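Read through the structure below, which is laid out as structure tokens, and then see the notes.
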Amino acid sequence: MSYGPSSILGEVLRNERAAAVVHKHLPGLKNAPMRVQFMYGTLQQVAGLMEGVRTDGAAWKAFFSELATVVEDAPSPPSSADSAIVPPSDYESSDVPAGSARLVQQEAATRWRTFELELFGPDHGNPFTDVVLTAEFRHGKRVLTAHGFYDGKGVYRIRFLPDEEGAWSFRTSSNARSLDSIAGAFQCGPADPHDHGPVRVHEGGHFRHADGTRYFPVGTTVYAWTHQGDELEEQTLRTLAQSPFNKVRMCVFPKSFIHNTNEPPLYPFEGSPAADWDFERPDPAYFRHLEERIARLGDLGIQADVILFHPYDRWGFSAMSPADDDRYLRYVVSRLASYPHVWWSLANEYDLLWSKDTSDWHRFAAVIREHDPHGHLLSVHNWVEIWDNSADWVTHASIQRSTENTAEWRALWGKPVIVDECGYEGDIEWGWGNLTPQELIRRCWEGLVRGRYVTHGECFLAEDDVLWWSKGGSLKGESTARMEFLRTILEQTPPDIAGLDPLPSEFDVPVGGAEGRYYLAYFGVMQPRRRTFSLPPGTAYRADVIDTWNATVTELPGTYEGTFTLPLPGRPYIAVRLRALTE
């Protein structure tokens, strides 16, 4: 049998003759930023992403015709993925007194703030895999279990997010005798004024913090900002502090892609790019740096949408074994679950992670749920094939699409929808990254009135190769100020309305709001000089004309009821807001 479009690239490259054909026709493969993931893809998938062959039918035919002349080697036997490591029951000998490790804990706790236990214990063997450590936290009859983690040099930490005021107690459990049966208590005081707790789903399509405070996601994407070194990362934080964004999509692992080819200052595991990684030994310095940056986002009132896996990888982090994946997840979730502003995104573009299958994503979700006692939001982001967001562990849909074709999603899943990638304002080569600011803002408003939330992005070419979408730095585009205006309009929604729900409307103008009380109609690129509205009689409305591009609100004189016609300015990017007089 010969090789063909359905052959797996990694298997093909093991054959010397076939590898020569591949590299002849796909010369960009050796330096491809996704080369680790490509090894798991079919030749059809890989060739479909490579310049030259992708858009040249003759080149495509020549490649597969020549490859068909090579006789396929016998397939390699399936690799035996390493099995999960079973921690020993006798990690410490019986002469070590139970509970003898030194404990340092915070003297006071406040609601919705991370509370930490620091334990000084054993460090022989490999504590990352050999030691299991948990603590039960009790408040009255409630019991929550937090998972500890090894932070290097004999230090173990257990973090917890108290969600009720009053007396809490805790008791540890461990296979290391010195870490076992350590008990204590603490008093939890009221939350600080700016602490509202984790974001939860509210009324099916919207979000609120745990204390009931409304949350409207107005996010941006800065995938690899924590892998750029202190100077650029501090600039990113300063930029975010002056921005309207209250959510950031960001990766745990470093990224390898166009405009992101630099090596990161730190790596998540012991080892180096030139040597094998030891996936059984996370580098605590890497994760300390990550959590410090995430904590800084929290100080700015920004939610961290943490992407746990992605395909843009030249180091091998996207293609670890199942056991390595699970160990990594247990470690990162144990470190970060006590941060109130963390969200979990299983993947950026999961359907490009050809080393994983559907069962892996379900397993990952189960690992997270087991190790996150605080139930943070959890989603899966797509490239082309949208994830089945009806899965019970999915809290909200994280979608890559423009907004026009999404009318049925919220009704289908009964969950909030965030279009986390609708395109980027910028001027790079690719169509997804060279939208005009007007088009990006149009997509954001269009999604908003259709009952979804839409995430901002920016990709402007720069001599230093620092693009906001990937590395952070400073924002250069015109859309950010308009996102601030969009957030202002959102936050002016009457306080007892959860958010904008899609409402019945004419074919040409989408409308969102709350039936009989609040309407927001968006005209996009259309530029009417007037518009007639037909609402049920009996309620009078005030009418505002909103220029979403010039960021102005003009209240029209008088009130309106039943069927009425409003004058409009005859230019694009206009919205009309109708507010019942009871509001």
Side-chain angles (χ1 to χ4, degrees), residues 28 31-35 49 51 218-245 247-266 290 293-294 296-297 300 302 304-307 310-315 318 345 347-349 352 381 383 398 400 402 419-441 443-444 454-484:
N31 295 317
M34 293 173 59
R35 60 179 177 265
L49 295 174
E51 285 302 309
V218 179
T220 188
T221 296
V222 201
Y223 285 124
W225 77 275
T226 63
H227 307 119
Q228 307 306 320
D230 287 345
E231 182 178 356
L232 187 53
E233 291 171 22
E234 290 294 333
Q235 183 184 13
T236 301
L237 287 166
R238 290 193 298 271
T239 300
L240 287 169
Q242 301 300 316
S243 80
F245 302 119
K247 182 170 85 77
V248 168
R249 295 187 70 228
M250 55 180 287
C251 299
V252 173
F253 288 129
K255 185 177 180 182
S256 171
F257 196 51
I258 55 172
H259 307 296
N260 201 157
T261 58
N262 55 305
E263 287 295 323
L266 298 168
L290 174 70
R293 293 314 193 196
I294 289 174
R296 295 278 294 279
L297 292 179
L300 297 175
I302 296 173
D305 196 354
V306 177
I307 298 167
H310 68 79
Y312 301 100
D313 168 43
R314 62 177 180 268
W315 303 278
S318 62
S345 176
N348 184 60
E349 300 178 341
L352 276 177
H381 179 77
W383 177 48
S398 173
Q400 178 176 169
S402 61
V419 180
D420 271 317
E421 188 172 342
C422 73
Y424 300 84
E425 177 187 5
D427 57 10
I428 66 172
E429 177 180 0
W430 300 99
W432 50 264
N434 55 34
L435 299 182
T436 65
Q438 293 88 349
E439 174 59 15
L440 177 60
I441 294 301
R443 293 184 183 188
C444 291
V454 185
T455 296
H456 161 275
E458 182 184 289
C459 293
F460 283 101
L461 288 171
E463 290 185 4
D464 60 5
D465 215 29
V466 174
L467 284 68
W468 176 260
W469 136 88
S470 186
K471 298 178 181 177
S474 61
L475 287 158
K476 304 169 184 176
E478 298 179 66
S479 60
T480 298
R482 279 77 184 184
M483 294 297 292
E484 183 171 9

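Computed from a predicted model, the values in this text were never measured in an experiment.
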Note, [X] side chain near [Y] side chain (heavy atom, < 4.5 Å):
| X | Y | value |
| --- | --- | --- |
| P244 | T480 | yes |
| P264 | W315 | yes |
| Y424 | L440 | no |
| W432 | C459 | yes |
| L290 | V252 | yes |
| L467 | E458 | no |
| L297 | M250 | yes |

Separation between [atom1] of [X] and [atom2] of [Y], rounded to the nearest 0.5 Å:
| X | Y | atom1 | atom2 | value |
| --- | --- | --- | --- | --- |
| R249 | N348 | CZ | CG | 5.0 Å |
| E421 | S402 | CD | OG | 11.5 Å |
| W469 | I428 | CH2 | CD1 | 5.5 Å |
| T455 | D305 | OG1 | CG | 8.0 Å |
| N434 | D427 | CG | CG | 8.0 Å |

Kindly confirm or rule out a cation-pi arrangement of K255 over Y312, judged by NZ or CZ under 6.0 Å from the six-membered ring centre and within 45° of its axis?
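Checked: cation-pi criterion met.
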
To check you understand the geometry: which heavy-atom pair defines the closest contact between [X] and [Y], and what is its length?
| X | Y | answer |
| --- | --- | --- |
| M483 | C444 | SD-SG, 3.7 Å |
| F253 | H310 | O-NE2, 3.4 Å |
| C422 | V454 | SG-CG1, 3.5 Å |
| A304 | I294 | CB-CG2, 4.1 Å |

Got a sec, which residues hit side chain to side chain donor-acceptor pair (under 3.5 Å) with E234, two or more places apart in sequence or on another chain?
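Partners of E234 under the side chain to side chain donor-acceptor pair (under 3.5 Å) test: R293, R296.
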
N31 atom CG: more than 12 heavy-atom contacts under 6.0 Å:
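Check fails, neighbour count at 12 or below.
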
Hydrogens and angles aside, do [X] and [Y] bring a side-chain donor and acceptor to less than 3.5 Å of each other?
| X | Y | result |
| --- | --- | --- |
| H456 | S479 | yes |
| S470 | W225 | no |
| S256 | D313 | no |
| D420 | S398 | yes |

Return all side-chain donor-acceptor pairs below 3.5 angstrom for residues 236-243, not counting sequence neighbours, or 'none' if the list is empty.
residue : atom : partner : partner atom : Å
T236    : OG1  : L232    : O            : 3.0
T236    : OG1  : G473    : N            : 2.8
T239    : OG1  : Q235    : O            : 3.0
T239    : OG1  : G473    : O            : 2.7
S243    : OG   : L240    : O            : 2.9
S243    : OG   : F245    : N            : 3.2

Can F460 and W468 be said to form a ring-ring contact (aromatic ring centres under 6.0 Å, His included), step by step?
CA-CA 8 Å; F460 283 101; W468 176 260; over 10 Å; no

Going by an N to O cut-off under 4.0 Å, is there a salt bridge joining E425 and R482?
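Salt bridge between E425 and R482, a charged N being under 4.0 Å from a carboxylate O: no.
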
Begin with the C-alpha distance, continue with both residues' side-chain angles, and end with the deciding distance and a verdict on side-chain contact (heavy atoms from CB on, under 4.5 Å) for Q228 and N260.
CA-CA 10 Å; Q228 307 306 320; N260 201 157; 4.3 Å; yes

